[in-house]
Amino acid sequence: MPAHESNKTIFLEHPSGSKAQVSLFGATVTSWVADNVERIFVSKEAKLDGSKAIRGGIPICFPIFGTKEKIALPQHGFARNNYWEYLGIVSDNDEVVVRFGLKDTQIPQEARNAWPHSFRLTYTVSLSAKSIKTFFNLKNEDEDTFEFNTLLHTYFSVPDVTSSQVQGLASCEYVDKVKEGAKFTEQNENVTIAGEVDRVYKKVQDRLILKVGDGSRIQIEKSNLKDTVVWNPWIEKAKAMGDFGNEEYKNMICVEAGSVADWVVLAGGQTWTAGQTLTVA
Ligand code: BG6
């Protein structure tokens, strides 16, 4: 079987040898192995029992990014904190394709009160020899328009974050959350990490390259998502997180494709599709 379920996790296997795992909690991709190398970081301290969003992998932030004063939802919304329904294998030709679903009736009443809209999210994970695609389709099942933010909070595994580089952000404006939200324009062709980094880059081109630092590269291609967040907690924030090892900041970098700087507006009855394709090169 190219995909099977065990212990609330879906295991995908492609004939080329590439593999992936998706937890039903948050429909969080928790592993992607391509060319025999694990590309995704999950903390050794991550809670995998559904008590907390998984610290690592590709959590989905929806319907908010961060916290919002007027929307009483936990940071980054409810999609990463709830069990999704496994909708099964869609096709197993060249790609192994599995689908997950989340709708408003599956989330707790408290969250529905905080964001009172009817919606249907379908998340599709497609695995091929060199790529993993993570795309979602959102349907507004209300008659009225609603607004949301969303982000694929991808944690990449790197051998030494100070040797990693993100290429393709030059000349983008960014909000620096480490500097009280001050705005800057990126001057560097390659963004490097040498301290805490928490930046929301706006209107980013669709194709970025993560130079992992061991000679390999991952192309991050987003689709219908405007922004990219780059995050590494560095020393003090790492120590402050209960579900993250003190030294693990050295082995991860988050490059997160999303639409978070402005609300996405979706009219009643309409659908919206967006996602990313990660490819090893
Ligand atoms: C990033 C945010 O996307 O997620 C950071 O920009 C935040 O500000 C980080 O610290 C992790 O968030 P959380 O809720 O998973 O601890």
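Both ligands and their constituent atoms are indexed starting at 1 by order of listing.
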Short version for Lys237: what comes under 4.0 Å of ligand 1, heavy atoms counted, is neither

If we set the cut-off at 4.0 Å for heavy atoms, which region of Arg80 has an atom near ligand 1: side chain, backbone, both, or neither? side chain

Atoms of ligand 1 less than 4.0 Å from Phe65 heavy atoms?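 Taking each heavy atom of Phe65 in turn, ligand 1 has 3 (O), 6 (O) under 4.0 Å.
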
Hey, which atoms in ligand 1 end up nearer than 4.0 Å to a heavy atom of Val229?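 Those of ligand 1 that fall under 4.0 Å from Val229 are 3 (O), 6 (O).
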
Return the residue, atom name and 0.1 Å-rounded distance of the protein heavy atom closest to atom 6 (O) of ligand 1. Asp198 OD1, 2.6 Å

How far is atom 3 (O) of ligand 1 from its nearest protein heavy atom, and which residue and atom name does that atom have?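 Scanning the protein heavy atoms, the shortest distance from atom 3 (O) of ligand 1 goes to Glu256 OE1, 2.7 Å.
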
So, regarding Tyr155 and ligand 1 (criterion: nitrogen or oxygen to nitrogen or oxygen, under 3.5 Å), is there a contact or not?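 No; every N/O pair is 3.5 Å or more apart.
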
Once the angle between the rings of His76 and Phe65 is folded into 0 to 90°, is it parallel (under 30°), tilted (30 to 60°) or perpendicular (over 60°)? parallel

Mutual orientation of the aromatic rings belonging to Trp272 and Phe148 [parallel < 30°, tilted 30-60°, perpendicular > 60°]: perpendicular

Counting heavy atoms only, which of Lys52, Gln75, Arg55, His153 comes nearest to atom 16 (O) of ligand 1?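 Nearest option to atom 16 (O) of ligand 1, by heavy atoms: Arg55.
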
Does any non-hydrogen side-chain atom of Phe136 lie less than 4.5 Å from one of Thr273? no

Counting only heavy atoms not in Asp49 (residues, nucleotides, ligands), do more than 12 fall under 6.0 Å from its CG?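 Buried by this count: over 12 neighbours within 6.0 Å.
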
Counting neighbours of CZ on Arg120 that are heavy atoms of other residues, nucleotides or ligands and sit closer than 6.0 Å, is the number greater than 12?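 Incorrect, the count does not exceed 12.
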
Are the side chain of Gln165 and the backbone of Leu210 linked by a donor-acceptor contact shorter than 3.5 Å? no

Going by atom types only, do Glu256 and Thr228 share a side-chain donor-acceptor pair under 3.5 Å?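 Absent: no donor and acceptor within the cut-off.
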
Run the contact test for Met241 against ligand 1 with a 4.0 Å cut-off on heavy atoms, strictly below, and give the result.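 For ligand 1, residue contact (heavy atoms, under 4.0 Å) with Met241 is absent.
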
